[in-house]
Number of protein chains: 2
Amino acid sequence: MKNTTALFKALAHQTRLRILCLLLDGEVCVCQIMAILSLPQSTASRHLAILKNAGLVEDRRDGTWAHYSLARNCSPLAGQLLEVLGEHLPHTNIGAEDCQKLSEALQKKDCA
Amino acid sequence: MKNTTALFKALAHQTRLRILCLLLDGEVCVCQIMAILSLPQSTASRHLAILKNAGLVEDRRDGTWAHYSLARNCSPLAGQLLEVLGEHLPHTNIGAEDCQKLSEALQKKDCA
DNA sequence: TACAATAATCCGGTTTTTCGGATATAGCAA
DNA sequence: TTGCTATATCCGAAAAACCGGATTATTGTA
């Protein structure tokens with residue numbers, strides 16, 4: 001039950017839901033998250049750490065860059081919640097807008 | 001997205017998850033929730049108000065008593081989350097223990 | 001009407017969470 | 001080595017959430 005509560009705490013913040021929405025289509029680097037959500041670097045990093053600590057996302061290091069993606073081997077509950085969010089977040093106004101921005105940024109290849 | 005965040009905030013507290021677990025088998029009155037979770041009256045009432053405000057539960061008045069149950073006409077997202085929680089909460093230690101206490105209390109018919 | 005019982009709301013104080021600038025760490029390049 | 005970049009962590013302050021006793025509101029009953 002404690003783990004369950006921790007999981008929902010991690011999801012109980014708009015910024016973190018927006019980050020998860022960005023990760024639905026694949027891994028994204030921190031610099032893109034900062035740019036799209038207009039977050040200070042420390043804030044972006046902290047929210048990502050909270051999601052990672054909850055077992056919702058994982059990171060991959062590539063030199064000085066850090067790429068985040070949805071956790072592949074997450075708990076069954078986390079997996080179900082991510083699935084539900086995957087159906088829902090892209091249909092919200094902010095979620096769709098963020099994903100659109102990410103799509104544009106990927107075409108420009110600002111940060112590969 | 002704001003509604004989504006509010007929904008997860010409502011779920012991000014152990015007491016409220018325990019209350020939802022108790023409601024999985026049907027409506028429960030406030031006095032039983034107080035007794036089983038050992039909560040002061042104001043605390044129980046406040047958590048129930050948060051769940052109701054999030055659209056997760058609804059109340060039925062019967063004289064001076066208030067009976068709470070899972071919301072029948074909740075949003076699609078809330079419905080999915082309740083479904084996931086319905087599979088998960090009863091399998092947790094605390095959840096199972098609480099449900100057991102409720103079952104015993106209902107047999108004694110302390111508070112019909 | 002007066003009183004008892006149930007539950008919602010109020011109030012203040014405490015705890016938790018969040019924030020962003022500053023600092024620390026690690027990798028890459030000159 | 002020196003410097004630059006990307007990211008994580010630290011720190012103090014601000015905001016939000018939580019708590020439970022006290023009060024209020026509503027209903028049922030004598």
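Atom CD of B:E83 is surrounded by 12 or fewer heavy atoms from other residues, nucleotides or ligands within 6.0 Å.
Taking every heavy atom of residues 37-47 of chain B and every atom of DNA chain D, pairs under 4.0 Å involve B:P40, B:S42, B:T43, B:R46, B:H47, by number.
Regarding B:W65, its CH2 atom lies at a distance of 16 Å from the P atom of C:dA4, rounded to whole Å. Atoms CZ (A:R60) and C1' (D:dT7) sit 15 Å apart, rounded to a whole Å. Rounded to whole Å, atom P of D:dC18 lies 11 Å from atom CG of B:L51. Per the geometry, CD1 belonging to A:I50 stands 15 Å off P belonging to C:dT16, to the nearest Å. Atom pair A:H13:NE2 and C:dT17:P shows a separation of 12 Å (rounding to whole Å applied). B:I19 places its CD1 atom 13 Å from the P atom of C:dA7, with the value rounded to the nearest Å. Rounded to whole Å, atom P of C:dT9 lies 8 Å from atom NZ of B:K52. Nucleotide C:dT25 holds its P atom 15 Å from the CZ atom of A:R61, rounded to whole Å.
B:T5 places a side-chain N or O within donor-acceptor distance of the main-chain N or O of B:M1, the cut-off being under 3.5 Å. Side chain of B:S45 to backbone of B:S42: no donor-acceptor contact under 3.5 angstrom is found.
Axis angle across the helix from C:dT1-D:dA30 to C:dA30-D:dT1, with five pairs used at each end and values rounded to 10°: 10°.
Listed by first then second residue, pairs satisfying salt bridge (Lys or Arg N to Asp or Glu O under 4.0 Å) with a partner in residues 12-33 of chain A read A:R18-A:D98, A:E27-A:R60, not counting sequence neighbours.
Comparing D:dA17, D:dT27, D:dA8 against the side chain of B:K9 picks out D:dA17 as the nearest.
Close to D:dA6, at under 4.0 Å from its OP1 or OP2, lies no side-chain N or O of A:H67. An OP1 or OP2 oxygen of C:dT6 is reached within less than 4.0 angstrom by no side-chain nitrogen or oxygen of B:Y68.
A heavy-atom distance below 4.5 Å is found between the side chains of A:P90 and A:L24. Proximity of B:L20 to B:V57: side-chain heavy atoms (C-beta onward) are separated by under 4.5 Å at one or more points.
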How far apart are the C-alpha atoms of A:F8 and B:L17, what are their side-chain angles, what is the distance that settles it, and do they pass the side chain to side chain contact (heavy atoms under 4.5 Å, CB included) test? CA-CA 10 Å; A:F8 282 104; B:L17 293 181; 4.3 Å; yes

Stepwise, does the side chain to side chain contact (heavy atoms under 4.5 Å, CB included) test hold for A:Y68 with A:V30? CA-CA 7 Å; A:Y68 281 83; A:V30 178; 3.6 Å; yes

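Residue-to-nucleotide proximity on DNA chain D shows that, of A:A49 and B:A12, the 5′-proximal contact is made by A:A49.
Ionic pairing of A:R72 and A:E58 is present here: one or more N-O contacts between side-chain nitrogen and carboxylate oxygen are shorter than 4.0 angstrom.
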